[in-house]
Enquirer: 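Got a structure for you, written out below as structure tokens; questions coming shortly.
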Protein chains: 2
Amino acid sequence: MTSEAIAQCLGTNPVVVRRTMGFLREAGIVSSGRGHAGGWRITADLTVVTLQQLHEALGEPAIFAIGNRTENPSCLVEQSVNAAMEDAFADAEALLLDRFAHVALADLVADFKRRHAETLKQKD
Amino acid sequence: MTSEAIAQCLGTNPVVVRRTMGFLREAGIVSSGRGHAGGWRITADLTVVTLQQLHEALGEPAIFAIGNRTENPSCLVEQSVNAAMEDAFADAEALLLDRFAHVALADLVADFKRRHAETLKQKD
DNA sequence: TTTCATGTAACAATAGATGTTATGATTCGA
DNA sequence: TCGAATCATAACATCTATTGTTACATGAAA
């Protein structure tokens with residue numbers, strides 16, 4: 001599939017697609033080819049690659065949008081608040097990543113097939 | 001405590017402090033007074049107000065920094081990905097908020113006192 | 001050799017958060 | 001009553017991260 005086609009699916013730009021897919025290539029999950037019949041293809045085993053691995057491949061972007069204002073504040077009150085929140089955040093992150101680790105691409109394929117069959121049925 | 005003083009503690013601006021504290025006032029957690037001896041004071045019971053309530057008072061800002069690109073995508077693949085992630089996100093969010101619900105301001109005060117005592121001891 | 005595709009750098013646009021300035025309203029003490 | 005201290009709020013500015021765009025180079029295949 002070309003970057004152009006993927007970009008259209010996502011409503012974005014081919015260069016943006018290449019930017020992100022590049023990380024997946026570095027992780028060995030996809031490969032890219034140039035020229036005619038070029039584009040992106042999945043090279044990894046769909047039953048092995050998980051959402052967790054994708055997250056890791058994409059550079060482990062920050063999971064939470066809220067959190068500490070300062071990492072090591074001099075204010076003791078802020079220190080207490082940070083400490084109280086950090087435990088909770090760590091546990092929530094662990095839970096999320098564990099869930100992600102149990103979703104393989106093959107699971108997504110299976111779900112997609114179900115949706116696709118449903119869509120075809122609707123057209124009758 | 002004045003907005004000015006709080007702003008200095010946080011390394012920010014008094015107006016920014018008022019903006020945020022205004023939400024806490026609406027929730028009845030703090031009150032503000034003008035003029036001499038004015039400023040902010042906590043009106044709620046410290047053993048009752050939790051981090052969860054603060055989160056709610058602040059308008060329940062989005063917890064996650066990652067997630068769906070599109071809420072209701074027409075792309076079936078994206079739909080499958082979204083569905084797989086949403087469950088995990090929901091559970092992680094529930095866990096986080098439950099943790100927050102079990103941290104009262106009084107707990108923060110206790111932790112602060114411990115830190116404060118420790119700081120004084122260090123000075124010897 | 002032409003066409004189609006990625007690779008990549010540089011730059012632009014956008015949006016959201018944060019910071020700032022300015023002005024008005026209120027309270028309290030002298 | 002006056003003046004200083006303080007919040008209330010609107011308007012505007014700045015910052016930052018993401019996302020989008022343009023341009024050009026590189027490589028592969030018909």
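Every value quoted in this text rests on a predicted model; they were computed, and no experiment measured them. Proteins get letters first, then strands, A, B, ... in listed order; numbering begins at 1 in each.
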Enquirer: On a plain distance test, is the side chain of B/Arg34 in donor-acceptor contact with the base of C/dT27 below 3.5 Å?
Expert: no
Enquirer: When you match A/Arg19 and A/Arg25 each to their closest nucleotide on DNA chain C, which lands nearer the 5' end?
Expert: A/Arg25
Enquirer: Out of C/dT6, C/dG19, C/dA22, which has the shortest distance to the side chain of A/Arg69?
Expert: C/dG19
Enquirer: Which whole-number value in Å describes the distance from A/Ile6 CD1 to C/dG7 P?
Expert: 11 Å
Enquirer: For a quick check of understanding: with a heavy-atom distance under 4.0 Å over all strands, which category does A/Gly33 fall into, base, sugar-phosphate or nothing?
Expert: sugar-phosphate
Enquirer: If you draw a 6.0 Å radius around CZ in A/Phe64, do more than 12 non-hydrogen atoms from other residues or ligands fall strictly inside?
Expert: yes
Enquirer: Looking at A/Thr70 and B/Leu10, would you say the former's side chain and the latter's main chain have a donor-acceptor pair under 3.5 Å?
Expert: no
Enquirer: When the nearest nucleotide of DNA chain D is assigned to A/Val16 and to B/Gly39 on a heavy-atom basis, which residue is associated with the more 5' position?
Expert: B/Gly39
Enquirer: Look at the side chain of A/His36 and the base of C/dT3, then say whether one donor and one acceptor between them are separated by less than 3.5 Å.
Expert: yes
Enquirer: Considering only heavy atoms from C-beta outward, does the side chain of A/Arg69 approach that of A/Val81 to under 4.5 Å?
Expert: no
Enquirer: Whole-Å distance between D/dA8 P and B/Glu26 CD?
Expert: 10 Å
Enquirer: Output the rounded distance in Å from CZ (A/Phe23) to P (D/dT18).
Expert: 11 Å
Enquirer: Do the side-chain N or O atoms of B/Thr2 get closer than 4.0 angstrom to the phosphate oxygens (OP1, OP2) of D/dA5?
Expert: no
Enquirer: Given atom CG of B/Asn68 and atom C1' of D/dT18, what is their separation to the nearest angstrom?
Expert: 17 Å
Enquirer: Are B/Leu105 and B/Val48 connected into the same hydrophobic cluster when the rule is that any two of I, L, V, M, F, W, Y join if their side-chain heavy atoms are below 4.5 Å apart?
Expert: no
Enquirer: May I ask you to check whether over 12 heavy atoms, not counting those of B/Ile42, lie within 6.0 Å of atom CD1?
Expert: no
Enquirer: Rounded to whole angstrom units, what separation is found between the CG atom of B/Leu58 and the P atom of C/dT18?
Expert: 11 Å
Enquirer: Rounded to whole angstroms, how far apart are CZ on B/Arg18 and C1' on C/dT18?
Expert: 16 Å
Enquirer: Using atom CD of A/Glu4 as one end and atom P of C/dG7 as the other, report the distance to the nearest whole Å.
Expert: 15 Å
Enquirer: Answer yes or no: does a side-chain N or O of B/Ser32 lie under 4.0 Å from OP1 or OP2 of D/dC7?
Expert: no
Enquirer: Tell me which of B/Asn13 and A/Met1 sits closer to the 5' end of DNA chain C, going by the nucleotide each one is nearest to.
Expert: A/Met1
